[in-house]
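Okay, so here's the structure we're looking at.
Everything numeric here is computed off the predicted structure, so don't read it as measured data. Chain letters run A, B, ... following the sequence lines, proteins first and then strands; every chain starts at 1.
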Amino acid sequence: MARAVTNRRKTIATAAAWTIGFLIFFPILWTVLTSFKSEADAIASPPKFLFFDWTLENYATVQERSNYFRHFWNSVVISVGSTLIGLAIAIPAAWAMAFVPGKRTKDVLMWMLSTKMLPPVGVLVPIYLIFRDTGLLDTRTGLVIVLTLINLPIIVWMLYTYFKEIPADILEAARMDGASLRSEILYVLTPMAVPGIASTLLLNIILAWNEAFWTLNLTAAKAAPLTAFIASYSSPEGLFYAKLSAASTMAIAPILIMGWFSQKQLVRGLTFGAVK
Amino acid sequence: MGRITLDKVAKRFGDVEVIPPLDLTIEDGEFVVFVGPSGCGKSTLLRLIAGLEDVSGGQIRIDGKDATAVQPAKRGLAMVFQSYALYPHMTVRKNIAFPLRMAGLSQQEQDKKVEGAAAVLNLTNYLDRRPGQLSGGQRQRVAIGRAIVREPSAFLFDEPLSNLDAALRVGMRLEISELHNRLATTMVYVTHDQVEAMTMADKIVVLNAGRIEQVGSPLELYHRPRNTFVAGFIGSPKMNLIEGAEAAKHGVATIGIRPEHIAVSPESGTWKGKVGVSEHLGSDTFFHVLDTGLADAITVRAGGEVDLHHGDTVYLSPDAAKMHRFDTEGLRIE
Amino acid sequence: MATKASRSAARLMISPAVILLLAWMIVPLSLTLYFSTLRYNLLMPGMEEWAGFSNYYYFLTDPAFFDALRNTLVLVGGVLAITIVGGVLLAILLDQPMWGQGVVRVLVIAPFFVMPTVSALVWKNMFMNPVSGLFASLFKTLGLQPFDFLAHAPMFSIILIVSWQWLPFATLILLTAMQSLDSEQLEAAEMDGAPPLKRFWFITLPHLARAITVVILIQTIFLLSVFAEILVTTNGGPGTATTNLTYLVYAQSLLQFDVGGGSAGGVVAIVLANIVAIFLMRMIGKNLDA
């Protein structure tokens, strides 16, 4: 049972945790702050923390010069698209594994996991050549295909662990009540698994949004999502700190917010249920 | 109509034979209880009838028609699960209407039937709640409501009362019996509780290790158990089964005598022993009598006001006319 | 539960996922294996010819390979050491009763959600830049010479950046594991006279062992493939100082267009990753039965 904690101890823990939390978060905070500075203030020495002329011009410039929203839209299409397709493929598969387990179910699950262990660089060359020959290079379709496939094992696994928690009785009741397989999955399983499906969706969008191997290697300009767009700042243009910060802030903000909502499910998803 | 016939029905899981081939007929309108210790195959048997499991051999006929390969939904049966298996994301109304919706009934017909069922089950005020907001007994009624709107040819109950507390269980027991009287539909009811079996059944099927030990009315099983297993399983407290020298006196391997058929006296009787634990129920007192040299303990039922204490010497006299006798195989000898 | 009908339905439902993943695994893998035995350069199309194992020979005897292997190990080992030790300490701290625990959690987890290219660029320019980075300002304030991190300690800098990204992951998982520790166990140990340090050593740490193993294995899988951080900060340099296996294969195939050599490198990377993967699969497989 919990017991009374001395206020002194609690104060020390609070101070230490907040300090360390602040330090870890600081690079992000600094990026956000810098995005509101003028370029001169951004490289001022000594650095200016809060007292500078706040401006939004960097955001405007980024959009104007690099068509930020096109890359943003690419990121949205690629991450949401690959996640939705992944879910559509994974929900039936996870249903089968959770509710009609057979002798080989475990082997299939482990094998799916093993495909995730394949280092991307091991298959970079053939994928690149296949994409080049089929015209998928630098297209959103191509990236959606790759990201769907690399994240499919995670989606199946997460859904599987959530579905396992739904009593099989209820699905059997639906079957007795005359539901077809389609109705059973559509009207009974899916609504009951909404929280699990939602967190799978969220985590997978995050992973796809931040994926930076395939997106960098398979795109040039047209289909480049934000990962690749930001990478283009590694050229001397990156020295414009305020603009780099504005672009970075816009690239990470949506995901950061989603991530904060899904942090609890993250553990389960990324450890394949090994830690709950 | 709801006549269910099992013809050499068997079930194996891999190499394990859970139910050896068995025959059973459930007549239309009958209230049949499958009873037995846990793991005896009674739930599996029910699921075979429901179609939630495939039979490994034999045939299931419903109203004379072969239903062995028919999908669960098409068998015309309704099932009430131990966990109630309510759909947590639907209101009570939607839960009850679900089978009707699946059958493609119009909204109007659905409403009418749901209202009707709700009235019968006292659920009218709860129709717009979700299962999570209901008590155990109410959930149980919703599960029953979902079953009755389908107007099935038979109801299947899988230990429906085991998640309720003792007081509610007695109430629901009466309600289900009442429902059976009113609907006069076949009901197949699985339980491990012999009290439920005795109080509700027209016909009890005692199962043990997948085999049918005996089929009969509650009183038949009570008065004439076919073997020592049924003798020990039906009746509360359990029948005293005595082997050895005392049984040999009667020329059999085992004799059985129910606690209520033994007279207690502090002065004289057939058997002598010492009072161990006594359980006072008010109306009755159960004595566990030790050191009789017959069995570890002999259970005896006496009236509510018998003045005997731990360690007292008592004499027991079994009613010879009510004694059961069994041979070396454990089978009843008339 | 299971009838023949539901079993055949299950097979049908699972097959799209299985077929797609099977294709995703077999097609590129066999192509990689095939290319790795060819002399095949994209700049000389039509000149492909059988090369036997010479690609492997050149790749494995290239001094850059040994540098890359060493760099990969240093990078993985360094990040693991920092994130595990830091993660355990942070998890213990966050598990203490405090005010605003939820907010601190949110602050600590944040870096994990930052895309690799952003974190690499932010660290490279705004913190590690020897002229206008924050560290340079800090050093100057302290009266020290500004230090050019990425030129003089490139591997250390990359380890620092990657650790910043992965520390939240380790912390979050270890914290989750720690919160599942039954506090009565600790109280029993306290009653038995164990001081705090001993309680940590004999109760908490063994309880975390499994979570720590999981963190090590999963991070290793991801850390073997660190790419974007290197691409945007050092391009593998100076020299080969920060070239890991992934970057080496990338450079060989897509910068030097040597498909054969790159494929051979890819096969080597797969073999190495599989060694780790086998351990990870065993761990998770055990958990499936539980």
Side-chain angles (χ1 to χ4, degrees), chain A residues 5 10 13-14 16-18 21 24-25 27-28 31 43 45-47 89-90 92-93 95-96 100 106 110 112 114-115 117 119-127 149 152 156 168 172 181 206 210 212-213 216 227 230-231 233-234 238 241 248 251-252 255-256 259-260 263 267 271-272 274-275, chain C residues 1-2 6-7 9-10 13-14 16-17 21 24-25 28 31-32 35 93-94 96-99 104 106-110 113-118 121-122 125-126 132 134 137 172-173 176-177 211 214 221 224-225 227-228 232 246 249 253 259 262-263 266 269-270 273 277 281 284-285 287-288:
Chain A
V5 181
K10 203 167 164 180
T14 307
W18 278 84
I24 290 178
F25 186 70
I28 298 173
T31 307
I43 52 167
S45 183
I89 300 170
W95 168 86
V100 196
K106 194 179 152 184
M110 293 314 290
M112 285 192 172
S114 76
T115 66
M117 313 277 160
V121 77
V123 292
L124 170 64
V125 176
I127 296 293
L149 288 168
L152 191 58
V156 172
E172 292 183 343
L181 190 56
I206 294 170
N210 288 343
F213 181 80
L216 289 176
T227 41
I230 296 290
Y233 273 78
S234 58
Y241 288 1
S248 298
I252 63 175
I255 272 339
L256 209 53
W260 281 334
Q263 47 160 327
V267 175
T271 61
F272 300 95
V275 176
Chain C
M1 103 166 218
S6 63
R7 248 186 233 112
M13 307 283 260
I14 209 171
L21 283 175
W24 168 247
M25 205 166 154
L31 279 175
T32 303
F35 290 153
L93 178 59
L94 290 182
Q96 305 300 318
M98 69 175 69
W99 287 286
V104 178
V106 159
L107 293 180
V108 170
I109 190 68
F113 300 119
V114 176
M115 55 176 65
T117 44
V118 166
L121 274 183
V122 165
N125 292 318
M126 291 160 59
S132 42
L134 262 191
S137 304
L172 195 63
I173 285 177
T176 308
V214 170
I221 296 290
L224 283 175
S225 308
F227 173 73
V232 298
T246 300
V249 175
S253 3
V259 170
S263 296
I270 290 171
M281 308 269 287
I284 291 172
N287 195 54
L288 263 187

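- Ranked by non-hydrogen atom pairs under 4.5 Å with chain C, the options A:Ala96, A:Ala251, A:Pro126, A:Ala90 are led by A:Pro126.
- Contact detail for A:Trp95 and C:Ser6: the closest heavy-atom pair is CH2-O, 4.5 Å.
- Counting heavy-atom pairs under 4.5 Å between each of A:Ile127, A:Ile252, A:Ile255, A:Thr227 and chain C puts A:Thr227 at the top.
- Contact count against chain C (heavy-atom pairs under 4.5 Å) is highest for A:Thr14 among A:Thr14, A:Thr115, A:Val156.
- Taking 4.5 Å as the limit, every side-chain heavy atom of C:Phe227 sits out of range of all side-chain heavy atoms of A:Val121.
- Only the side chain of C:Ala273 has a heavy atom closer than 4.5 Å to any heavy atom of chain A.
- Counting heavy-atom pairs closer than 4.5 Å to chain A, the top-ranked of the candidates C:Ala110, C:Ala9, C:Pro16 is C:Ala110.
- For the atom pair CZ of A:Phe213 and OG1 of C:Thr246, the computed distance is 6.5 Å after rounding to the nearest 0.5 Å.
- Legend: residues meeting side-chain contact (heavy atoms from CB on, under 4.5 Å) with C:Ser253, ordered by chain and number and at least two apart, are A:Val125, C:Val249.
- In terms of heavy-atom pairs under 4.5 Å with chain A, the best-connected choice from C:Ile109, C:Val108, C:Val104 is C:Val104.
- Side-chain contact check for A:Ser248 versus A:Thr31: some heavy-atom pair is nearer than 4.5 Å.
- Using a 4.5 Å cut-off between heavy atoms, A:Leu152 contacts chain C through its side chain alone, with no backbone atom that close.
- Shown here are the side-chain contact (heavy atoms from CB on, under 4.5 Å) partners of A:Pro27, two or more places apart in sequence or in another chain: C:Trp123, C:Phe127, C:Trp164.
- Heavy atoms closer than 4.5 Å to chain C are found in both the backbone and the side chain of A:Ala16.
- Distance check, rounded to the nearest 0.5 Å: CG of C:Leu93 to CH2 of A:Trp18 gives 12.5 Å.
- Proximity to chain C (any heavy atom under 4.5 Å) is shown, for A:Ile230, by both the backbone and the side chain.
- Using a 4.5 Å cut-off between heavy atoms, A:Leu124 contacts chain C through its side chain alone, with no backbone atom that close.
- The contact between A:Leu256 and chain C is made by backbone and side chain atoms together, counting heavy-atom distances below 4.5 Å.
- Closest heavy-atom contact between C:Ala17 and A:Met112: CB-CE, 3.9 Å.
- With chain A as partner, the option from C:Ile221, C:Leu31, C:Thr32 having the largest number of non-hydrogen pairs under 4.5 angstrom is C:Thr32.
- The parts of C:Ile270 that come within reach of chain A are both its backbone and its side chain, each placing non-hydrogen atoms under 4.5 angstrom from that chain.
- Highest contact tally toward chain A, considering only C:Leu94, C:Thr117, C:Val122, is held by C:Thr117 [criterion: heavy-atom pairs under 4.5 Å].
- Contact of the A:Val100 side chain with the C:Met13 side chain is not registered, since no non-hydrogen atoms from C-beta on lie closer than 4.5 Å.
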